[in-house]
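Remarks on the structure that follows.
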Amino acid sequence: MAPYRTFLPVLLVLSILLSGCGLTSRLERETERRPDSPGDGAADAREVSGLRPGAMIEEGVASWYGPNFHGKLTANGEEYDMHGLTAAHRTLPFNTLVRVRNTDNGETVTVRINDRGPYAKNRVIDLSRGAAEEIGMIGPGTAPVELFLVEGDLSRSRITDLTRPTYTVQLGSFSTEQQAFALSRKVQGSRVEEASVGGQTLWRVYYGTYVDRGKAESKRRELSGRGVQGYVKQLENSAPEP
């Protein structure tokens, strides 16, 4: 009987070890599938610049917008076509392609980012009516979704959190580097950044970086009081800016 008594503890230890391996494997799969988040479904800010095609960007609630905006200009200057397959996102670079999966029914649609928003709590993307129809969310108005990167480069990300727009005060835009630095030298704390717009290289003078638009507006007013004119703009997520 002694060998039998010795064998039981060995079996117990092996069982615990195998169970632990299985748990570790499952947790690893969940970590690969879902983004780390503070509980709001946002992608881990530390990983934004490492996102590659196929990676999950965010998960949360999608909404859609249509007739009231049809024909108006989107944030990137296009005319909004509610029947197209486009979407608004807070921070993703314009023309990024994103696959949207409705987790209620499994339907998917690929959209191109050409607008900014939504800013309602827990909303991660605002789809065109055409895109919303593709994944069966016209009736409900909203749906739980997962967003996956299809095409786009975030490796040169200028912000770290996809869920929070980043603002700055633009003081000027010049065709020569010398002009930009001439202004920047007059405004302590300002900076010069190079931008490519329509194939043309420009040099822009910015002041500050803010995740609170109100604070950016307050700084703009303060600068205006000192005779330095500018306006608040949202920094695009990757260079070059549109």
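Computation of the quantities below employed the complete heavy-atom set of this structure, encompassing side-chain atoms and omitting hydrogens, waters and symmetry-equivalent molecules.
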Applying side-chain contact (heavy atoms from CB on, under 4.5 Å), run through Trp64 and Ile138 and close with a yes or a no.
CA-CA 8 Å; Trp64 67 272; Ile138 291 294; 3.8 Å; yes
Could you please spell out the steps behind the side-chain contact (heavy atoms from CB on, under 4.5 Å) verdict for Thr110 and Leu85?
CA-CA 7 Å; Thr110 297; Leu85 299 181; over 6 Å; no
I'd like to know whether Leu147 forms a side-chain contact (heavy atoms from CB on, under 4.5 Å) with Glu59, so could you lay out the CA-CA distance, the side-chain angles of the two residues, the decisive distance to 0.1 Å, and finally the verdict.
CA-CA 6 Å; Leu147 309 183; Glu59 56 184 348; over 6 Å; no
Could you walk me through whether Tyr167 and Gln234 pass the side-chain hydrogen bond (donor to acceptor under 3.5 Å, both in side chains) test, one step at a time?
CA-CA 4 Å; Tyr167 302 97; Gln234 180 178 332; 4.5 Å; no
Quick one: do Val111 and Val98 satisfy side-chain contact (heavy atoms from CB on, under 4.5 Å)? Show the steps, please.
CA-CA 5 Å; Val111 297; Val98 176; 4.3 Å; yes
Carefully, step by step, assess Thr168 and Arg191 under the rule side-chain hydrogen bond (donor to acceptor under 3.5 Å, both in side chains).
CA-CA 11 Å; Thr168 190; Arg191 66 189 185 278; 3.2 Å; yes
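In the hydrophobic cluster analysis, where Ile, Leu, Val, Met, Phe, Trp and Tyr join through side-chain heavy atoms closer than 4.5 angstrom, Phe174 is grouped apart from Leu202. No chain of hydrophobic side-chain contacts below 4.5 Å, direct or via other Ile, Leu, Val, Met, Phe, Trp or Tyr residues, connects Leu92 to Val61. Note: the hydrophobic cluster containing Ile113 does not contain Leu97 (ILVMFWY, side chain heavy atoms under 4.5 Å, direct or indirect links). Hydrophobic clustering of Ile, Leu, Val, Met, Phe, Trp and Tyr side chains at less than 4.5 Å, counting indirect connections, keeps Ile135 apart from Met82. One hydrophobic cluster holds both Trp203 and Val169 under the rule that ILVMFWY side chains link at heavy-atom gaps under 4.5 Å.
Separating the OH atom in Tyr231 from the CG atom in Leu171 is a distance of 10.0 Å, to the nearest 0.5 Å. How far CG of Leu127 is from OH of Tyr65: 9.0 Å, rounded to the nearest 0.5 Å. Remark: Ile125 CD1 to Asp115 CG distance equals 11.0 Å, nearest 0.5 Å. How far NZ of Lys186 is from CZ of Arg226: 14.0 Å, rounded to the nearest 0.5 Å. Atom-to-atom distance recorded for Ser128:OG and Arg112:CZ is 10.0 Å, nearest 0.5 angstrom. Between the CD atom of Gln170 and the OH atom of Tyr206 there is a distance of 4.5 Å, given to the nearest 0.5 Å.
Scanning both residues, Val145 and Asn102, for their nearest heavy atoms gives CG1-CA, 4.2 Å. Scanning both residues, Ser63 and Arg123, for their nearest heavy atoms gives CB-NH1, 3.4 Å. The nearest pair of heavy atoms linking Asn76 to Asn114 is OD1-O, 3.0 Å. Minimum heavy-atom separation, Val124 to His89: O-CD2, 3.3 Å. Minimum interatomic distance between Ala143 and Met137 (heavy atoms only, all atoms of both residues): CB-CB, 4.0 Å. Here the closest non-hydrogen pair linking Pro93 and Arg116 is CA-NH2, 4.3 Å.
The pair Lys72-Glu78 does not meet the salt-bridge criterion, since no charged nitrogen lies less than 4.0 angstrom from a carboxylate oxygen. Using a 4.0 Å cut-off between charged nitrogen and carboxylate oxygen, Arg204 and Glu193 do not count as a salt-bridge pair.
When side chains are defined from C-beta on, Thr103 counts as touching Glu146, because their heavy atoms get closer than 4.5 Å. Side-chain contact check for Ser175 versus Gln200: some heavy-atom pair is nearer than 4.5 Å.
Using a 30° and 60° split on the angle between ring planes, His70 and Tyr80 fall in the perpendicular class, above 60°.
Within 6.0 Å of atom CZ in Phe69, 12 or fewer heavy atoms from other residues, nucleotides or ligands are found, so the atom counts as exposed in its surroundings.
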Enumerate, atom names and distances included, each donor-acceptor pair closer than 3.5 Å involving a side-chain atom of residues 207-217, sequence neighbours excluded.
{"unit_1": "Asp212", "atom_1": "OD1", "unit_2": "Gly214", "atom_2": "N", "d": "2.7"}
{"unit_1": "Asp212", "atom_1": "OD1", "unit_2": "Lys215", "atom_2": "N", "d": "3.4"}
{"unit_1": "Glu217", "atom_1": "OE1", "unit_2": "Arg220", "atom_2": "NE", "d": "3.1"}

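Cation-pi check for Arg99 over Phe148 is met; the charged atom lies under 6.0 angstrom from the ring centroid and within 45 degrees of its normal.
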